[in-house]
Amino acid sequence: MTQVVRTPRLTRTPSIRTLDTHPNARLPFMPRWLLLAGLLALFLPSTRLAAQAEPGRVTGTVTAIEGGTPIAGVHVTVLGTPLTAETNEQGRYTIALAPGMYRLRASSIGFTPVAMDSVPVAAGKPTTADFQMKRQTVTLEQVVVVGYGSQAKRDVTGSVASVTAEQIQQIPTTNALDAIKGRVAGVDITSGGYKPGDGVTVRIRGARSIKASNDPLYVLDGIPIAGGIGDLNPSDIASIEVLKDASATAIYGSRGANGVVLVTTRRGTAGRTRITYDTYAASQRAAKKVSVFDGPAFAEYKREAYRAAGVYKCPAGVAQCAAGDADAFYSQELAALNAGISTDWQDIIVRPGSQLNNQLSVAGGNDRTQYAVSGNLMRQI
């Protein structure tokens with residue numbers, strides 16, 4: 001029987017190599033450039049790293065030039081970036097930015113945009129950038145009311161005629177419709193009298209009905225009203241628009257069949273309370289009289305009419321006589337003719353007049369509430 005002797009298997013243990021500390025020895029495990037980069041990063045100043053990580057910020061207040069009141073809801077934008085901020089109720093805003101130079105722009109509806117160049121931002125330090133904005137005035141010559149809102153005048157395709165407040169106030173009158181006579185094509189306006197408070201008749205592009213009313217629809221600040229606008233003070237009216245075509249019917253239905261007169265009144269604006277006192281005095285006289293005969297000219301005209309009819313009887317060769325005048329004139333006319341009295345009835349009916357108007361208005365408000373109150377006193381004698 002053969003005996004098998006097993007010998008133990010030899011295993012190889014890796015030797016441990018030590019790092020040579022000789023200055024010219026090569027590093028077997030790490031490249032030299034990587035080691036240098038790590039050492040450089042360890043010895044960088046910690047303050048410089050902290051400064052690069054900490055941003056700066058821009059703060060400020062947006063106020064109105066008129067009165068210096070803060071404006072809420074203003075968008076302050078960093079031009080060239082998507083960063084923007086909105087002012088709070090106190091008109092303040094804050095934007096976090098990296099250090100550098102920036103250009104800011106403040107914009108809001110109803111105000112003229114304002115830009116600020118070269119705003120420096122330092123790390124960890126606030127920079128103040130305050131804005132003052134001016135209210136943007138939209139002239140009524142560029143914007144007209146069309147019944148369902150306001151549009152630029154160049155964008156209106158329907159037949160809309162607009163009369164501004166300046167045009168209304170050029171004529172001293174108690175009825176605003178009197179002031180737009182001859183200013184709107186296709187609109188006939190006739191006065192019912194010449195005393196203060198007398199109404200007017202308005203016909204837009206003629207009469208449309210035989211028995212029904214031909215008066216247009218009056219809309220005051222978006223609210224249809226009954227009757228006219230004779231009770232409104234012309235000084236309180238900001239503009240009058242007249243809708244004359246099918247666009248009026250499309251908006252107001254059958255009520256706008258005779259046209260629509262849109263009246264926009266003055267309103268208060270945010271800012272300081274403004275007290276305004278207006279007064280004027282005017283004289284009135286007849287612009288022109290009707291040319292008529294005086295007494296002797298009318299008498300001769302009447303004699304000639306009787307001669308043409310063959311009823312003016314005078315002796316042959318006599319142009320006028322008492323017998324012929326007795327047949328042609330009444331006794332009162334003969335008495336006035338013999339006495340040389342000639343009456344100009346226009347001078348008796350028409351006389352010079354005068355007007356005195358006084359108006360006091362108070363207007364103001366804030367960003368939430370605006371008010372305007374006015375009183376008017378007019379005397380005409």
Side-chain angles (χ1 to χ4, degrees), residues 64 66-67 69 110 135-145 150 161-184 187 189-202 216 218-242 261-287 351-381:
E66 302 87 352
T69 57
R135 298 189 180 277
Q136 191 174 21
T137 302
V138 180
T139 61
L140 291 174
E141 294 180 356
Q142 299 176 354
V143 177
V144 295
V145 180
S150 299
S162 178
V163 181
T164 63
E166 289 76 11
Q167 294 174 327
I168 296 175
Q169 295 178 1
Q170 288 177 357
I171 300 178
T173 180
T174 58
N175 197 318
L177 291 177
D178 281 336
I180 66 175
K181 288 181 179 179
R183 299 182 184 272
V184 181
V187 179
I189 301 176
T190 57
S191 300
Y194 297 95
K195 296 184 298 181
D198 286 343
V200 296
T201 301
V202 180
Y218 296 93
V219 180
L220 178 63
D221 290 333
I223 302 175
I225 62 175
I229 58 173
D231 296 334
L232 293 180
N233 182 10
S235 300
D236 291 336
I237 297 177
S239 68
I240 297 177
E241 280 78 29
V242 181
V261 178
L262 303 177
V263 181
T264 304
T265 59
R266 296 180 182 272
R267 300 182 181 181
T269 57
R272 293 181 178 179
T273 300
R274 295 180 300 277
I275 301 176
T276 306
Y277 174 73
D278 294 328
T279 182
Y280 70 83
S283 61
Q284 294 177 309
R285 61 181 180 84
R351 63 180 178 83
S354 63
Q355 285 185 355
L356 179 62
N357 184 76
N358 297 281
Q359 178 175 349
L360 179 65
S361 61
V362 180
N366 51 32
D367 295 335
R368 295 183 177 180
T369 304
Q370 294 84 38
Y371 60 88
V373 181
S374 66
N376 179 264
L377 175 63
M378 182 176 184
R379 296 185 62 187
Q380 181 176 12
I381 56 176

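The nearest pair of heavy atoms linking N366 to R368 is OD1-N, 3.0 Å. The minimum heavy-atom distance linking N376 with Q359 is given by the pair ND2-CB, 3.7 Å. In terms of heavy atoms, S374 sits closest to S361 at CB-CB, 3.8 Å. Pairing each heavy atom of D278 with each of T276, the nearest pair is OD1-CG2, 3.7 Å.
In this structure the side chain of Y371 reaches within 4.5 angstrom of the side chain of V362, judged on heavy atoms. Side-chain contact between Y218 and V202 is present, with at least one heavy-atom pair separated by less than 4.5 Å. Residues I275 and L360 have side chains in contact (heavy-atom distance under 4.5 Å, counting atoms from C-beta outward). Here the side chains of V261 and V219 are not in contact, with every heavy-atom distance at 4.5 Å or above. Inter-residue side-chain proximity for T264 and E241 is flagged as met; some heavy-atom pair is nearer than 4.5 Å.
Residue I237 holds its CD1 atom at 5.0 Å from CG of L232, rounded to the nearest 0.5 Å. To the nearest 0.5 Å, atom CG of residue L377 and atom CG of residue L356 are 7.5 Å apart. Remark: Q167 CD to S239 OG distance equals 10.5 Å, nearest 0.5 Å. Atom CZ of R379 and atom CD of Q355 lie 12.5 Å apart (nearest 0.5 Å). The structure places CZ of R285 at 15.5 Å from CZ of R351, a figure rounded to the nearest 0.5 Å.
Counting heavy-atom neighbours within 6.0 Å of R267 CZ, excluding the residue itself, gives a total of 12 or less.
A donor-acceptor pair under 3.5 Å is formed between the side chain of T279 and the backbone N or O of N357. Without hydrogens or angle criteria, R266 side chain to S235 main chain gives a donor-acceptor distance under 3.5 Å.
Side chains of N358 and Y280: a donor-acceptor N/O pair is absent below 3.5 angstrom, by distance only.
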